[in-house]
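Scroll down for the structure; my scribbles are underneath it.
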Amino acid sequence: MFPIRDHNPSERTPYVTYSLIIANLVMFVLTTPWLLGWTELWSRLALYPVAVVNGQYMWGLVTHMFLHAGLMHFGGNMLFLFIFGDNLEDQMGHGGFLGFYLASGLAAAAAQIASNPFEGVPMVGASGAIAGVMGGYLLMFPKARVDVLAIIIIIIKIFTIPAWVMLGLWFLLQVFGSFALMGSEGVAYWAHAGGFIAGIVLTVPLFLRRGGPRFWNRTHGLPPHPATQYSRSRIPEVRR
């Protein structure tokens, strides 16, 4: 089950969100072996926790956010950024959102390094920064409707659920992975969980400026503007 869109339109063009997606795409093309294949650049710009602890390759704290380990990794991250990023940028402004995004990514990296400071395996991906975007979205729009695509064995169906359900389940999976799997799958669960929490914390000032709980009371947890209405998708059931 994964999100495909929300019903929360932005009221201005999300230039930073689009620019981040383009920047990630450019770096993906430049560093993917079956494209331009500059794998040395990928290795140079990745984040190595043990190196950072020793004061080396410090640029990796930022540059790792623009690298990915494969097509699914890249595509999934950009889908989440596309769905949730525009609304936070709408609320924070372009410059504020860029600072928020980078700060969330740094906090996510710090969480991952703290979990295993002597790890020599490179860490890459925008997941931590985007987890921060998801945390901020949860605080601002907990009841925004999100369409998720569920694939149940042979049935494909789109469901609409509140953002707090989808994002809350995602966060619980990251916490479970952090303690139960301990990165055995090659996934930086601590970065995801840390970025998500950082995103909530960093969004609190904006939330309070909007009125805090009164903002929720006014909007009932929904976006403060009419929701996007989509025609009901008809996805045929595939049976084997």
Side-chain angles (χ1 to χ4, degrees), residues 16-17 19-78 80-81 85 95-136 170-171 173-203:
V16 173
T17 299
S19 297
L20 288 170
I21 292 173
I22 292 171
N24 276 274
L25 175 61
V26 169
M27 291 306 298
F28 182 72
V29 171
L30 290 176
T31 59
T32 299
W34 46 271
L35 292 173
L36 293 183
W38 291 0
T39 53
E40 290 185 6
L41 180 62
W42 187 96
S43 299
R44 184 72 173 172
L45 298 181
L47 173 62
Y48 298 87
V50 66
V52 170
V53 168
N54 288 286
Q56 300 174 331
Y57 296 97
M58 300 300 290
W59 57 79
L61 289 167
V62 174
T63 55
H64 84 279
M65 302 181 206
F66 298 91
L67 303 176
H68 290 85
L71 183 59
M72 293 299 292
H73 189 205
F74 166 78
N77 277 345
M78 294 305 101
F80 275 70
L81 178 56
F97 178 71
L98 178 60
F100 165 84
Y101 181 90
L102 295 174
S104 295
L106 290 172
Q112 188 64 31
I113 292 171
S115 71
N116 189 356
F118 303 108
E119 177 63 72
V121 176
M123 171 183 164
V124 297
S127 307
I130 295 170
V133 173
M134 295 161 65
W170 181 89
F171 176 69
L173 287 174
Q174 308 315 306
V175 173
F176 172 80
S178 298
F179 289 101
L181 302 177
M182 299 295 289
S184 60
E185 296 181 332
V187 178
Y189 289 108
W190 280 109
H192 297 171
F196 190 89
I197 294 172
I200 293 177
V201 172
L202 291 169
T203 308

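- Looking at Ser127 and His73, their side chains come closer than 4.5 Å, going by heavy atoms from C-beta outward.
- Annotation: ring pair (Phe, Tyr, Trp, His ring centres under 6.0 Å) contacts involving residues 42-61, sequence neighbours excluded, comprise Tyr57-Trp59.
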Pair Leu20-Met65, side chain to side chain contact (heavy atoms under 4.5 Å, CB included): steps then yes or no: CA-CA 10 Å; Leu20 288 170; Met65 302 181 206; over 6 Å; no

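- The two residues Leu61 and Leu106 have their closest heavy-atom pair at O-CD2, 3.6 Å.
- Annotation: ring pair (Phe, Tyr, Trp, His ring centres under 6.0 Å) contacts involving residues 96-125, sequence neighbours excluded, are absent.
- Val26 has its side chain out of reach of Phe66: every pair of non-hydrogen atoms, C-beta onward, lies at least 4.5 Å apart.
- Shown here are the side-chain hydrogen bond (donor to acceptor under 3.5 Å, both in side chains) partners of His68, two or more places apart in sequence or in another chain: Asn77.
- Shortest non-hydrogen contact noted between Met78 and Ala126 is CE-CB, 4.3 Å.
- For the pair Ala107 and Ala198, the tightest heavy-atom approach, listed with the atom from each and the gap, is CB-CB, 3.5 Å.
- Considering only heavy atoms from C-beta on, Phe196 stays 4.5 Å or farther from Gln174 through its side chain.
- Distance check: Ile21 CD1 to Leu25 CG gives 9.5 Å after rounding to the nearest 0.5 Å.
- A 4.5 Å side-chain heavy-atom check between Ser104 and Leu202 finds at least one atom pair inside the cut-off.
- Here the side chain of Asn54 pairs a donor or acceptor atom with the backbone of Val50 at under 3.5 angstrom.
- Shown here for His64 and Ala46, the closest heavy-atom pair between the two residues is CB-C, 4.4 Å.
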Can you check side chain to side chain contact (heavy atoms under 4.5 Å, CB included) on Met123 and Ile113, steps first, answer last? CA-CA 10 Å; Met123 171 183 164; Ile113 292 171; 5.9 Å; no

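- Nearest heavy-atom pair across Gly194 and Ala111 is CA-CB, 4.0 Å.
- Here the closest non-hydrogen pair linking Leu67 and Met27 is CD2-CE, 3.9 Å.
- Note: Thr31 OG1 to Arg44 CZ = 15.5 Å, rounded to the nearest 0.5 Å.
- With contacts defined as side-chain heavy-atom distances shorter than 4.5 Å, the pair Leu173/His192 does not qualify.
- Atoms CG and CD1, on Asn24 and Ile130 in that order, are 6.5 Å from each other to the nearest 0.5 Å.
- Distance check, rounded to the nearest 0.5 Å: OH of Tyr189 to CZ of Phe179 gives 13.5 Å.
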Any chance you could lay out the side chain to side chain contact (heavy atoms under 4.5 Å, CB included) test for Phe171 and Met134, step after step, and finish with the verdict? CA-CA 9 Å; Phe171 176 69; Met134 295 161 65; over 6 Å; no

